[in-house]
Participant: 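Have a look at this one before I ask anything.
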Amino acid sequence: MARAERSESEMSIRPSPRENFFRSINHRWLQENSIPPSESRWGAYLVLNDTLLKELKSISETAGEKKDARKGTDGQLVGAFYTSGIDMESRNRVGLEPIKPYLSEIDQIKDRQDVMSAVVTLHLSGIRPFFASYAHTDYKNSDMNTFYVAQSGLGMPDKDYYLKEEKAEIKGKYKGHIARMFELAGYTEDQAKEASESVLTIEEKLAKASFSKVELREKDKNYNKFTLGKAQESLPDIDWSAYLEGLGLENVPEFIIKQPSFMAEAGKLMQEASLKDIKHYLAFTVLRSTGNIIGGDFAQEKFNFTGKVLQGQKEQKPVWKQVISN
């Protein structure tokens, strides 16, 4: 969401409700509150959230100061997580080291079975190439949880950013951002350019198959119950047995595929896209999903695009806020 800049002259005069209902009702709030440079928007809920983050910071700092805490207790884990998170010197020093196992598995992909194995590995780590899956309260039975499979895998907010002409400038900046992330990961300029083409090729196809924001609000359209057998028959390009088994869900009786038409395209890409393109796409999904965690130049580059271009932030959030929010 872009920042809404307001001039002093605009804010000094309360418009009539007929002229501008929103500004008329919120005149005092808008006069007394400006959007902090580290935020893309501001409101009462975000003020409350900011207060909560400060409370969590205090709790985390106190936990981190207790050096005699028994290992594995809640307090020790919270303190260790927070202390390591704000230690930017160490994070910058280790660089890509924490994500090298993911990148190595991707680099060693030799066939379509390896592609699915890599997708499972990444999904188990909260990284979502091609599609996403999660457990959530069943939309039609609040007494139970259900396993959901849903569209995902895009590096920009939604399909419009890939397909609409008015988003072309942002899309161009995104392509440059992809290339810079690859260069930071050790690719040459030519390799990074080639990789960025691969990523956009796959993401554009996923975007075309994605439900629009309006379609995503249609609950019945996003509630499609499948058994393993039905999923394999209807969407044969995805090895559902391998996927569910990899997640430890081989005995799940049924699950919800929110957007079957999207999953058909995702499966087609996993089977038909070149392995080189898939490797580039998977590698970038790892880089963009962990860029702010890795720190250093990766965090700055991710902010330059996601924070500045997409969200209109003028500066990064303090490190302690980033750590607690993660």
Side-chain angles (χ1 to χ4, degrees), residues 84-85 88 90-109 114-132 151-158 161-162 170-207 266 269-270 273-311 313 316-317 319 322-323 325-326:
S84 64
M88 290 306 302
S90 295
R91 286 171 59 185
N92 292 339
R93 183 174 64 252
V94 299
L96 288 172
E97 204 61 37
I99 64 171
K100 279 186 177 178
Y102 301 131
L103 298 177
S104 178
E105 180 175 354
I106 292 166
D107 187 55
Q108 293 173 39
I109 288 175
D114 289 345
V115 172
M116 177 54 79
S117 295
V119 168
V120 168
T121 296
L122 297 180
H123 281 198
L124 286 171
S125 300
I127 300 170
R128 296 172 167 178
F130 288 114
F131 59 96
Q151 68 183 43
S152 188
L154 302 181
M156 290 194 287
D158 58 59
Y161 284 79
Y162 296 85
I170 293 177
K171 182 180 174 182
K173 291 180 179 179
Y174 180 52
K175 184 177 180 181
H177 164 67
I178 297 170
R180 283 189 289 275
M181 290 290 275
F182 276 116
E183 287 183 47
L184 290 173
Y187 287 53
T188 66
E189 184 176 343
D190 287 342
Q191 289 171 335
K193 183 178 180 181
E194 179 186 21
S196 69
E197 297 280 0
S198 295
V199 173
L200 270 181
T201 295
I202 287 180
E203 290 194 7
E204 284 175 347
K205 290 179 179 178
L206 292 174
L269 284 169
M270 291 171 69
S274 73
L275 291 181
K276 178 184 283 188
D277 283 353
I278 289 175
K279 288 182 180 183
H280 287 152
Y281 168 69
L282 293 177
F284 178 68
T285 304
V286 172
L287 292 174
R288 71 172 174 80
S289 300
T290 60
N292 61 324
I293 299 172
I294 297 170
D297 293 336
F298 284 97
Q300 183 61 51
E301 175 54 38
K302 181 168 183 179
F303 172 74
N304 287 344
F305 180 74
T306 304
K308 289 183 177 180
V309 176
L310 288 183
Q311 299 177 348
Q313 293 170 248
Q316 291 197 61
K317 297 179 189 290
V319 173
Q322 295 179 40
V323 173
S325 296
N326 281 325

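None of the values given here were measured: they were computed from a predicted structure. What's counted below: heavy atoms across the whole structure, side chains too, no hydrogens, waters or symmetry copies.
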Participant: Is the shortest heavy-atom distance from the side chain of Tyr162 to the side chain of Glu203 under 4.5 Å?
Facilitator: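 In short, these two side chains touch, coming nearer than 4.5 Å.
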Participant: Cut-off 3.5 Å, side chains only: do Thr121 and Tyr102 have a donor facing an acceptor?
Facilitator: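 Thr121 vs Tyr102: no donor-acceptor pair found between side chains.
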Participant: Hey, are the side chains of Met270 and Met116 touching, using non-hydrogen atoms and a 4.5 Å cut-off?
Facilitator: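 A side-chain contact under 4.5 Å exists here.
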Participant: Roughly how far, to the nearest 0.5 Å, is the OG atom of Ser198 from the CG atom of Leu282?
Facilitator: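 That separation rounds to 11.0 Å.
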Participant: Applying side chain to side chain donor-acceptor pair (under 3.5 Å), can you list everything that pairs with Tyr281, at least two apart in sequence or on another chain?
Facilitator: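 Tyr281: no side chain to side chain donor-acceptor pair (under 3.5 Å) contacts found.
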Participant: Find the distance between CD (Glu194) and OG1 (Thr188) and round it off to the nearest 0.5 Å.
Facilitator: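 Separation between the atoms: 9.0 Å.
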Participant: Take Phe303 and Gln313 through the side chain to side chain contact (heavy atoms under 4.5 Å, CB included) test and state the conclusion after the steps.
Facilitator: CA-CA 9 Å; Phe303 172 74; Gln313 293 170 248; 3.9 Å; yes
Participant: Under the salt bridge (charged side-chain N to carboxylate O under 4.0 Å, His left out) rule, what pairs show up with a residue in residues 95-107, not counting sequence neighbours?
Facilitator: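 Only Glu97-Lys100 qualify under salt bridge (charged side-chain N to carboxylate O under 4.0 Å, His left out).
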Participant: Nearest 0.5 Å please: distance from the OG1 atom of Thr290 over to the CD1 atom of Ile99.
Facilitator: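 Reported to 0.5 Å precision, the distance equals 4.0 Å.
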Participant: Compare every heavy atom of Ala118 with every heavy atom of Ile109, then report the nearest pair and how far apart it is.
Facilitator: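 Closest pair (atom of Ile109, atom of Ala118, distance): CD1-CB, 4.0 Å.
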Participant: Check step by step if side chain to side chain contact (heavy atoms under 4.5 Å, CB included) holds for Thr285 and Val199.
Facilitator: CA-CA 9 Å; Thr285 304; Val199 173; over 6 Å; no
Participant: Side chain to side chain contact (heavy atoms under 4.5 Å, CB included), that's the test. Do His123 and Phe131 meet it? Break it down for me.
Facilitator: CA-CA 9 Å; His123 281 198; Phe131 59 96; 3.5 Å; yes
Participant: Please name the pair of heavy atoms, one in Met88 and one in Gly85, separated by the smallest distance, quoted to 0.1 Å.
Facilitator: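 Of all heavy-atom pairs spanning Met88 and Gly85, the closest is SD-O, 4.2 Å.
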Participant: For the side chain of Lys302 and the backbone of Arg288, is there at least one donor-acceptor N/O pair under 3.5 Å apart?
Facilitator: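 Such a contact is found between Lys302 side chain and Arg288 backbone.
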Participant: What residue pairs, at least two apart or across chains, pass salt bridge (charged side-chain N to carboxylate O under 4.0 Å, His left out) with a residue in residues 171-187?
Facilitator: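 Passing the test, one end in residues 171-187: Glu169-Lys173, Lys171-Glu204, Lys175-Glu197, Arg180-Glu301.
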Participant: Restricting to non-hydrogen atoms, name the atom on Leu206 and the atom on Gly153 that form the minimum distance, rounded to 0.1 Å.
Facilitator: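 For Leu206 and Gly153, the tightest heavy-atom pair comes out as CD1-O, 4.0 Å.
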Participant: Looking only at non-hydrogen atoms, find the nearest pair between Ala192 and Phe182 and report the distance.
Facilitator: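 Ala192 and Phe182 have their closest heavy atoms at CB-CB, 3.8 Å.
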Participant: Can you confirm whether more than 12 heavy atoms, excluding those of Asp114, are under 6.0 Å from its CG atom?
Facilitator: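 Yes - once you tally the heavy atoms of other residues, nucleotides and ligands closer than 6.0 Å, there are more than 12.
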Participant: Got Pro157 and Leu310 here, is their nearest side-chain heavy-atom distance under 4.5 Å?
Facilitator: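 Touching, per the 4.5 Å side-chain cut-off.
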Participant: Can you name the residues that form a ring-ring contact (aromatic ring centres under 6.0 Å, His included) with Phe305, not counting sequence neighbours?
Facilitator: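 Checked Phe305 against ring-ring contact (aromatic ring centres under 6.0 Å, His included); matches are Tyr174, His177.
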Participant: Say you draw a straight line from OG1 of Thr306 to CG of Asn292; how long is it, rounded to the nearest 0.5 Å?
Facilitator: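 Output value for this atom pair is 8.5 Å.
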Participant: Return the minimal non-hydrogen interatomic distance between Ser289 and Ile127, and the atom names on each side.
Facilitator: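 Scanning both residues completely, I find the closest heavy atoms to be OG-CG2, 3.7 Å.
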Participant: Working to the nearest 0.5 angstrom, can you tell me the gap between Ile278 CD1 and Leu269 CG?
Facilitator: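 Rounded to the nearest 0.5 Å, the CD1-CG separation comes out at 7.5 Å.
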Participant: Could you walk me through whether Arg91 and Ile294 pass the side chain to side chain contact (heavy atoms under 4.5 Å, CB included) test, one step at a time?
Facilitator: CA-CA 6 Å; Arg91 286 171 59 185; Ile294 297 170; over 6 Å; no
Participant: Should we say atom CD of Glu189 is surrounded by more than 12 heavy atoms from elsewhere, each under 6.0 Å from it?
Facilitator: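 12 or below, so no.
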Participant: Partners of His280 by ring-ring contact (aromatic ring centres under 6.0 Å, His included), sequence neighbours excluded?
Facilitator: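 Result, ring-ring contact (aromatic ring centres under 6.0 Å, His included) vs His280: none returned.
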Participant: Test of understanding: with ring-ring contact (aromatic ring centres under 6.0 Å, His included), list the residues that count as partners of Phe298, not counting sequence neighbours.
Facilitator: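 For Phe298 there are no ring-ring contact (aromatic ring centres under 6.0 Å, His included) partners, ignoring immediate neighbours.
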Participant: Could you give the distance from CD (Gln108) to CD1 (Ile106), rounded to the nearest 0.5 Å?
Facilitator: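 So the CD of Gln108 and the CD1 of Ile106 are separated by 10.5 Å.
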